[in-house]
Every structure is written in structure tokens, then in C-alpha cells.
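Working notes, structure below.
Being a predicted model, the structure only gives us computed values, none of them experimental. FYI, the numbering just counts along the sequence from 1.
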Amino acid sequence: MKKPQRLAAAALVMLLLLAGAGYWYLSPFLAVRQLQAAAQRGDAEALNAHIDYPRLRESLKAQLTALLAQKLGAPKDGGNPLSALGNVIGASLVNPLVDTLVRPETVMAAMQNGRLGRSASEPAPPPPGSAPADTAAPEPKKARWIIERQGASRVTAYAVDPARPDDEPNSERLGLVLERSGFADWKLTDLRLPASAFNK
């Protein structure tokens with residue numbers, strides 16, 4: 001192989017390596033974009049491709065169990081029979097709630113409006129006794145997401161709610177934790193509740 005050909009081949013290899021590295025680096029941003037796009041289209045199949053439901057379920061179960069124990073006041077005596085009864089009652093409350101939250105519709109709503117609850121595209125019901133509005137309500141603003149890296153294989157996307165201040169700390173925002181799955185694929189494995197949920 002002649003020298004110009006060797007140089008061209010080396011340049012091509014270098015370009016391919018740089019393109020691969022760039023794609024690898026930007027892949028979590030692309031994954032969040034794909035989740036947003038799937039949520040806006042209502043495409044559950046595309047959304048499910050980026051969610052690890054068993055890990056998401058375990059994460060939310062642990063957070064809600066801790067929150068419930070905090071609200072009720074964790075008993076000091078772990079061997080107390082009433083403590084065991086409290087755990088059973090707590091599980092009976094948490095498990096159905098987790099099953100409700102870990103559904104494509106709930107994740108879609110979270111991607112759209114930056115919080116757990118009604119979809120941004122779903123209008124709030126009118127107050128009882130009020131007349132139906134003659135004009136359509138303005139479309140609510142969608143949440144935007146900021147991404148914080150935690151190493152090469154883990155990122156957290158924090159929702160910036162348009163109804164709340166921009167200088168709000170990330171700990172007070174809904175957080176979606178994605179982990180690398182393969183070279184450039186990412187899965188949603190954890191949904192972090194705002195810290196204020198544990199302080200009220």
C-alpha cells in the first residue's frame with residue numbers, strides 16, 4: 001500500500017474512532033431525547049425499550065417504604081409484634097402504589113411535565129358546579145431536562161418544572177436515573193423522588 005493510501009486509511013480509522021467516541025459520549029442525551037419523544041407520541045413500545053421495569057419497581061418500593069416508615073414513625077423495637085404488623089400493613093399500601101407508578105402511562109406523564117401525576121396534555125377536571133369553558137385552555141409548558149453524569153455508565157436526568165424556579169436544587173426535582181446497557185444503550189433503572197417528599 002502506498003503512503004498516501006496508508007495515510008487516508010489511518011485518517012478514516014481515526015474519524016471512525018472519533019465518531020464512535022462522540023456517539024458513546026452523547027448516548028445518554030440521545031436516550032433522554034428518545035424517552036421524551038416516545039412520551040409525546042404516546043408510544044409505549046418505544047418507551048419500554050428504555051426502561052428496566054424490575055429495577056425501577058424495586059427502587060420505588062424502597063423509597064416509598066422508607067417514606068411511609070418516616071411518616072408513621074419507625075418503631076424503636078424491631079422485635080415488637082406491632083412492628084411486624086406495621087410492616088405488613090405498609091407493604092399492603094406500598095405495593096399497589098408501586099404497581100400504579102411503574103406503568104408506561106405514568107413514566108410518560110413524568111417525562112412530559114416533570115413530576116408524577118397527570119399528563120401535561122391531560123386537562124385538569126373543572127371544579128364541581130362550574131360551567132364548561134367555552135375556549136380551549138392554553139397548552140401547558142413541557143418540562144425540560146438537565147443531565148448530570150455520575151461516572152461513565154450512570155446519569156441522572158433532572159426535570160426542570162416550568163412552574164417552579166430555575167434555581168431550585170436538583171435534590172428537589174424529580175430525577176430519572178439511567179444506566180448504560182451495552183455500548184451506547186441506556187435503561188431507566190431508578191426514579192428519584194424529590195427530597196421535600198421526605199421532609200414534610
Side-chain angles (χ1 to χ4, degrees), residues 1-60 62-63 101-116 119-122 138-195:
M1 183 182 292
K2 295 181 180 180
K3 186 175 181 180
Q5 293 175 325
R6 288 200 302 271
L7 290 174
L12 179 59
V13 170
M14 184 63 67
L15 285 173
L16 291 174
L17 288 173
L18 288 173
Y23 179 66
W24 180 89
Y25 181 82
L26 294 173
S27 58
F29 300 90
L30 296 174
V32 173
R33 287 276 189 170
Q34 289 168 348
L35 281 168
Q36 284 181 294
Q40 290 170 2
R41 296 193 310 267
D43 188 344
E45 185 176 349
L47 191 82
N48 291 342
H50 292 286
I51 301 177
D52 186 334
Y53 281 105
R55 293 184 64 186
L56 185 60
R57 182 174 286 104
E58 287 305 311
S59 165
L60 276 173
Q63 290 182 77
L101 291 175
V102 184
R103 297 168 57 188
E105 309 88 74
T106 308
V107 178
M108 285 181 188
M111 291 301 304
Q112 289 179 14
N113 60 25
R115 57 186 180 275
L116 293 177
S119 168
S121 61
E122 181 184 341
E139 184 178 350
K141 294 181 179 179
K142 303 292 192 296
R144 59 186 176 87
W145 295 83
I146 55 176
I147 295 179
E148 183 180 281
R149 287 182 175 270
Q150 291 104 30
S153 300
R154 185 182 175 93
V155 299
T156 302
Y158 292 102
V160 180
D161 188 338
R164 305 186 70 171
D166 281 346
D167 58 355
E168 184 178 46
N170 285 341
S171 61
E172 292 301 327
R173 293 170 171 154
L174 179 69
L176 274 59
V177 179
L178 292 91
E179 295 188 7
R180 191 181 296 277
S181 176
F183 175 69
D185 191 20
W186 293 79
K187 298 281 187 183
L188 175 62
T189 60
D190 190 358
L191 200 155
R192 298 276 179 85
L193 301 176

**OP:** Show the numbers, then the answer: is there a side-chain contact (heavy atoms from CB on, under 4.5 Å) between D52 and E179?
**Re:** CA-CA 10 Å; D52 186 334; E179 295 188 7; over 6 Å; no
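- Within the structure, the salt bridge (Lys or Arg N to Asp or Glu O under 4.0 Å) test picks out the following pairs touching residues 14-43 (sequence neighbours left out): R41-D43.
- Taking the side chain as every heavy atom from C-beta outward, L35 and L47 approach each other to under 4.5 Å.
- We find the CG-CH2 distance between L174 and W145 to be 5.0 Å, quoted to the nearest 0.5 Å.
- L101 CG to Q63 CD: the interatomic distance, rounded to the nearest 0.5 Å, is 10.5 Å.
- We find the OG1-CG distance between T189 and L56 to be 7.5 Å, quoted to the nearest 0.5 Å.
- Residues M111 and A39 share a closest heavy-atom pair of CB-CB, 3.7 Å.
- Of all the heavy atoms in L178 and A31, the pair that sits closest is CD2-CB, 4.2 Å.
- Within the 4.5 Å cutoff, the side chain of Y158 has no heavy atoms near those of the P194 side chain.
- Note: L188 CG to R55 CZ = 10.0 Å, rounded to the nearest 0.5 Å.
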Check residues 9-27 and write down every donor-acceptor pair under 3.5 Å in which the side-chain atom is one partner and the other belongs to a residue at least two apart or another chain.
unit_1, atom_1, unit_2, atom_2, d
S27, OG, W24, O, 2.7
S27, OG, W186, NE1, 2.8

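- The CZ atom of R192 sits 11.0 Å away from atom CG of L60, with the distance rounded to the nearest 0.5 Å.
- Interatomic distance, K187 NZ to R180 CZ, rounded to the nearest 0.5 Å: 14.0 Å.
- Applying the side chain to side chain contact (heavy atoms under 4.5 Å, CB included) criterion to Q150, with sequence neighbours excluded, gives E148, R154, T156.
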